[in-house]
Amino acid sequence: MNKLQLRRWHRIVSVIIAAPVALIIMTGLVLQLRNQFEGIQPATVKTEKTNQPLLTLEELISKVSGPIDQVIFKPEKHALAIRMKDGTEVQIHPQTGEILKSAPRRTNLLIDIHQGSFLGAWSQFGLFILAGWGLLFLLVSGLLIYPWKNKKA
């Protein structure tokens with residue numbers, strides 16, 4: 001393949017993968033800043049330890065209603081969060097059971113968009129994998145095209 005053909009394929013591939021790569025870049029940038037914006041991910045409420053024992057998992061779960069996706073306990077921050085399947089994050093004091101904060105958490109949606117799974121497995125393993133291979137092609141072909149492009153002049 002000569003450089004003219006390589007340059008042509010470089011342009012074609014870049015147009016084809018532009019939308020998925022733009023989604024990956026934009027969601028990646030937003031995910032990097034998720035701790036700075038409450039609308040993306042609720043800030044963790046730090047609590048003080050009391051002399052009471054930690055509540056049992058059943059006692060903590062009884063404090064919330066609805067289907068639960070995850071229970072996260074961070075001992076160093078003494079913070080407990082229950083993530084609901086509807087995207088809400090409920091932060092609870094692990095010893096008193098007091099609900100400290102209940103807020104939407106959009107990080108999971110952004111991760112699904114970032115990795116391409118928001119439309120199902122076909123988009124993650126079809127479209128976004130092809131975009132990854134396309135990016136690799138653009139990197140290699142760009143390195144082959146660019147350094148020698150202006151040497152003849």
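You'll find the side chain of Leu29 reaches within 4.5 Å of the side chain of Ile25, heavy atoms only. By the 4.5 Å heavy-atom criterion applied to side chains, Ile12 and Val15 are not counted as neighbours. Put simply, the side chain of Lys3 does not reach to within 4.5 Å of the side chain of Leu144, judged on heavy atoms. The closest side-chain heavy-atom distance from Thr88 to Ser102 is below 4.5 Å. Side-chain contact between Ile16 and Leu130: absent, with no pair of heavy atoms (C-beta onward) separated by less than 4.5 Å.
Side chain of Arg106 to main chain of Gly39: a donor-acceptor pair is present (N/O by atom type, distance under 3.5 Å, no hydrogens or angles). Side-chain N or O atoms of Gln124 include none that pairs as donor or acceptor with a backbone N or O of Ala121 at under 3.5 Å. Side chain of Ser141 to main chain of Phe137: a donor-acceptor pair is present (N/O by atom type, distance under 3.5 Å, no hydrogens or angles). Remark: the backbone N or O of Ala81 is not paired with any side-chain donor or acceptor of Gln91 at under 3.5 angstrom. In terms of modelled atom types and a separation under 3.5 Å, the side chain of Glu38 and the main chain of Ala43 share a donor-acceptor contact.
Residue Ile40 belongs to a hydrophobic cluster whose other members are Val30, Leu31, Leu33, Phe37, Leu110, Ile111, with links defined by side-chain heavy atoms closer than 4.5 Å. Cluster note: Val45 groups with Leu100 through ILVMFWY side-chain heavy atoms spaced under 4.5 Å, whether in direct contact or through intervening members.
Between Ile24 atom CD1 and Phe128 atom CZ the span is 5.0 Å, to the nearest 0.5 Å.
Of all the heavy atoms in Pro42 and Ala103, the pair that sits closest is CG-CB, 3.8 Å. Residues Ile82 and Leu60 share a closest heavy-atom pair of CD1-O, 3.8 Å.
With respect to the salt-bridge test (charged N to carboxylate O, under 4.0 angstrom), the residues Lys46 and Glu76 do not qualify.
Residue pairs meeting the ring-ring contact (aromatic ring centres under 6.0 Å, His included) criterion with at least one member in residues 84-114, sequence neighbours excluded, are His78-His93.
The same ILVMFWY cluster, assembled from side-chain heavy atoms under 4.5 Å apart, contains both Val90 and Leu57.
Side chain to side chain, Glu59 and Ser62 fail the donor-acceptor criterion of an N or O pair below 3.5 Å.
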